[in-house]
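Written below as structure tokens is the structure these notes are about.
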Amino acid sequence: MDTLVNNSNETQSIFLTLKQFITEIIGEEFVEEMDITIDSSFTKDLEMDSIEIVSFSEKVKNHFGEEIDFTGWLSSLDLDQLINLNLKDIIQYILSNQNK
């Protein structure tokens, strides 16, 4: 959590990038009806299915680079973590793995 606080500009920039990826994947018409926040859950709030999450992970990898092994990170999570995965978790992962 400290990383999010210490990098608020970078956090906001990553959040906006991830929100754009979500918009591209699930469609602007659906996103307009949602209030996407840093605490939005992929399964509960955004209702993204596994195919959409895979597409999202590819966009993350392509944008942030090979050092962000999003798919590998997802595979290390247990079921409860996956179900409760939110944008804050992903931003924290990206921040902690950039420039390693």
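Each residue takes its place number in the sequence, starting with 1. In this text, all values refer to a predicted model and were calculated from it rather than measured experimentally.
- Side-chain contact between Leu74 and Ile53 is present, with heavy atoms from C-beta onward closer than 4.5 Å.
- Remark: Ser55 OG to Ile26 CD1 distance equals 11.0 Å, nearest 0.5 Å.
- In this structure, CD on Gln12 lies 10.0 Å from OG1 on Thr17, to the nearest 0.5 angstrom.
- Considering NZ of Lys88 and CD1 of Ile14, their distance stands at 14.5 Å, rounded to 0.5 Å.
- Partners of Ser13 according to the side-chain contact (heavy atoms from CB on, under 4.5 Å) rule, which considers only residues two or more places apart in sequence or in another chain, do not exist here.
- A 4.5 Å side-chain heavy-atom check between Thr11 and Ile38 finds at least one atom pair inside the cut-off.
- Under the rule for a side-chain hydrogen bond (donor to acceptor under 3.5 Å, both in side chains), Asp35 has no partner lying at least two apart in sequence or in another chain.
- Chaining together hydrophobic side chains whose heavy atoms lie under 4.5 Å apart leaves Ile51 on its own.
- For Asn62, there are no side-chain hydrogen bond (donor to acceptor under 3.5 Å, both in side chains) partners, not counting sequence neighbours.
- With sequence neighbours left out, Glu47 forms a side-chain contact (heavy atoms from CB on, under 4.5 Å) with no residue at all.
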Practice prompt. Given side chain to side chain contact (heavy atoms under 4.5 Å, CB included), test Phe42 with Ile90 step by step and report yes or no.
Written response: CA-CA 11 Å; Phe42 277 78; Ile90 296 166; 2.9 Å; yes
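- Partners of Lys59 under the side-chain hydrogen bond (donor to acceptor under 3.5 Å, both in side chains) rule, at least two apart in sequence or in another chain, are Glu24.
- Contacts of Ile36 classified as side-chain contact (heavy atoms from CB on, under 4.5 Å), with partners at least two apart in sequence or in another chain: Phe15, Lys19, Ile22, Val31, Met34, Ser40, Leu46, Leu87.
- Here Ile68 contributes atom CD1 and His63 contributes atom NE2; the two are 10.5 Å apart, rounded to the nearest 0.5 Å.
- Annotation: side chain of Ile94 is in contact with side chain of Leu18 (closest heavy-atom distance under 4.5 Å).
- A donor and an acceptor atom, one from each side chain of Asn86 and Lys44, are nowhere located under 3.5 Å apart.
- Here CG of Asp45 is found 9.0 Å from CG of Asp39. Values are rounded to the nearest 0.5 Å.
- Listed by first and then second residue, the ring-ring contact (aromatic ring centres under 6.0 Å, His included) pairs involving residues 66-90 are Phe56-Phe70, Phe70-Trp73, Trp73-Tyr93 (not counting sequence neighbours).
- Qualifying salt bridge (charged side-chain N to carboxylate O under 4.0 Å, His left out) partners for Asp80, counting only residues two or more places apart in sequence or in other chains: none.
- Judged as a side-chain contact (heavy atoms from CB on, under 4.5 Å), and not counting sequence neighbours, the contacts of Glu28 are Thr23, Glu32.
- Cluster annotation: Ile25 and Leu82 are assigned to the same hydrophobic cluster (Ile/Leu/Val/Met/Phe/Trp/Tyr, side-chain heavy-atom contacts under 4.5 Å, transitive).
- Formation of a donor-acceptor pair under 3.5 Å by the Glu52 side chain with backbone atoms of Asp49 is found in this model.
- Under the side-chain hydrogen bond (donor to acceptor under 3.5 Å, both in side chains) criterion, Lys61 pairs with no residue, sequence neighbours left out.
- Within the 4.5 Å cutoff, side-chain heavy atoms of Leu77 are placed close to those of Leu85.
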